[in-house]
Amino acid sequence: MRLTGTPSWLNIRRGRSSEAGDDRTLQRGPAPGQIWAIGGGKGGIGKSFLVANLGAVAASLGRRVILIDVDLGAANLHTCLGVRGGTRVNLSDYLEDRVPDLEKAAIQTPIPGLRLILGALGHIGARETTRAQRSELLRAVRALPADLVILDLAAGTERATLDFFLVSDCSLVVTTPEPTAIENAYGFLRASYYRRLGQALGNSGARDLLRVAMDQRNERGIRTPSDLLDEVERLDPREAQGFRRVLQEFRPRLILNQVRSPEEVKMGFSIRSVCRKYFGIDVEYVGYVNFDNAVWRSVKERRPLVLGYPQSDGALYIRRIAKKILEG
Ligand SMILES: Nc1ncnc2c1ncn2[C@@H]1O[C@H](COP(=O)(O)OP(=O)(O)OP(=O)(O)O)[C@@H](O)[C@H]1O
Ligand SMILES: [Mg+2]
């Protein structure tokens, strides 16, 4: 992203981009904006709702924001923003070379400062992207003229979804307090982490170990990243160093959505402890959003909660989370 007069709030981390092959744009020109990605494994937990609202808060603070619906199978972010999808230009036009420049696919929303790249609507099979398409898309996302790009990820742990999550400056995992959602959030974190390791490990023996570890019932008894680290250490101490670096750098952030009680608020801290104990991953709990009836009203009215119901508790919590992340 080419910015003139990059605002001081930008605290850009770009460490992982080179593995994804998208670092060419980063190495020239002024500093780019931030990329956030919101994932979580499960459907219907509020990913798109949060993308729309965090984007609206950032835009209201004067940032130039572009939201991208990278849910290639079931795009619906536009509905949260009051934008009609229909036949308008969308991400598949870019992926299939009908639009040469990704920025040309960014349409204005009714919210000043907030643009949207629609997901691939009405494209059966559009979910399958090639590796080349993905890396080209990531490069193009980095080059967008915006202060902040937020990616709305699909449910599940497809490679494309994990890559978008991993390449972002701020990787946000959303869950609700329900056991099913939490289970999927752990699965999502685990899959992202192993994918990141796979990108980092060079030694083929270490990669074989990683493949074994990915099956949680494996016969070698590798159950956690720390078990895997011990095995890699025995095999190749230099690879183990790279492994430790990945462990340290992998810092996803957690948002708990739809909480209904103080006990549920605390679940964010429990998830953080479990991730540290069993995965060795440091997850930052950036905040929670209460279950709020104003949310479904705002979705029905196709207007972000923070604009339609700015005094609601949900809006308050979202503004708090947005500011926390923006201020680093
Ligand atoms: N904090 C909340 N309070 C009340 N309802 C909520 C809250 N967050 C989300 N919802 C409800 O959950 C619905 C699903 O949210 P959303 O579409 O954002 O989920 P999603 O994770 O993007 O799902 P998908 O993976 O299918 O795209 C919303 O339409 C809204 O009605
Ligand atoms: Mg969604």
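The figures that follow rest on heavy atoms only: side chains count, while hydrogens, waters and symmetry mates do not. In listed order, ligands and their atoms are each counted from 1.
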Q | Test side-chain contact (heavy atoms from CB on, under 4.5 Å) applied to Phe250 and Pro225, Ser171, Ser192, the passing residue | A | Ser192
Q. For Glu183, does the CD atom sit with more than 12 other heavy atoms under 6.0 Å from it, leaving out its own atoms?
A. no
Q) Got the closest protein heavy atom to atom 25 (O) of ligand 1, with its distance? A) Lys47 NZ, 2.8 Å
Q | Which residue and heavy atom of the protein sit nearest atom 4 (C) of ligand 1, plus the separation | A | Asp292 O, 3.2 Å
Q.
For atom 10 (N) of ligand 1, which of the options Arg260, Lys300, Gln258 provides the nearest non-hydrogen atom?
A. Gln258
Q | Minimum-distance protein heavy atom relative to atom 17 (O) of ligand 1 | A | Ser48 CB, 4.2 Å
Q.
Which residue and atom name correspond to the protein heavy atom nearest atom 6 (C) of ligand 1, and how close is it?
A. Val295 CG1, 3.4 Å
Q: Report the residues that fulfil ring-ring contact (aromatic ring centres under 6.0 Å, His included) with Phe243, sequence neighbours left out, ordered by chain and then residue number.
A: none
Q.
Contact between ligand 1 and Asp152 is defined here as a heavy atom of the residue under 4.0 Å from a ligand atom; is it met?
A. no
Q: Could you tell me the separation between the CG atom of Asn90 and the CZ atom of Arg88, rounded to the nearest 0.5 Å?
A: 11.0 Å
Q: Please could you name the atoms of ligand 1 that Ile45 approaches to less than 4.0 Å, counting only its heavy atoms?
A: 19 (O), 20 (P), 21 (O)
Q) Please state which protein non-hydrogen atom is closest to atom 19 (O) of ligand 1 and give its distance, to 0.1 Å? A) Gly46 N, 3.1 Å
Q. About how many Å separate CD of Gln133 and CD of Glu96, when rounded to the nearest 0.5 Å?
A. 7.5 Å
What pairs of donor and acceptor atoms, side-chain ones from residues 314-322 against any protein atom, are under 3.5 angstrom apart with sequence neighbours left out?
residue: Arg319; atom: NH1; partner: Pro310; partner atom: O; Å: 3.1
residue: Arg319; atom: NH2; partner: Pro310; partner atom: O; Å: 3.1

**Q.** ligand 1 atoms in contact with Val299 (distance to a heavy atom under 4.0 Å)
**A.** 29 (O)
Q) Side chains of Val57 and Leu61: closer than 4.5 Å at any heavy-atom pair? A) yes
Q) Taking only heavy atoms of Gly44, which atoms of ligand 1 are found under 4.0 Å from at least one of them? A) 14 (C), 19 (O), 20 (P), 21 (O), 23 (O), 24 (P), 25 (O), 26 (O)
Q) Any luck finding a side-chain donor-acceptor pair between Tyr309 and Glu301 under 3.5 Å? A) yes
Q: Please say whether the positively charged group of Arg260, taken as NZ for Lys or CZ for Arg, lies over the ring of Phe291, i.e. under 6.0 angstrom from the six-membered ring centre and within 45 degrees of the axis.
A: yes
Q | Nearest non-hydrogen protein atom, atom 18 (O) of ligand 1 | A | Phe49 N, 2.8 Å
Q. Donor-acceptor pair, Arg223 side chain versus Asn218 backbone, under 3.5 Å?
A. yes
**Q.** Qualifying residues under side chain to side chain donor-acceptor pair (under 3.5 Å), relative to Gln241, sequence neighbours excluded
**A.** none
**Q.** Subset of ligand 1 atoms that lie under 4.0 Å from at least one heavy atom of Trp296
**A.** 31 (O)
Q: Check Asn257 against ligand 1 and report side chain, backbone, both or neither, counting heavy atoms closer than 4.0 Å.
A: side chain
Q.
Determine whether any protein heavy atom is located less than 4.0 Å from atom 13 (C) of ligand 1.
A. no
Q. Closest heavy-atom contact between Pro110 and Val83?
A. CD-CG2, 4.0 Å
Q | Candidate list Leu153, Leu77, Asp152, test side-chain contact (heavy atoms from CB on, under 4.5 Å), partner Val70, passing option | A | Leu153
**Q.** Protein N/O/S atoms closer than 2.8 Å to the Mg ion (ligand 2)
**A.** Ser48 OG
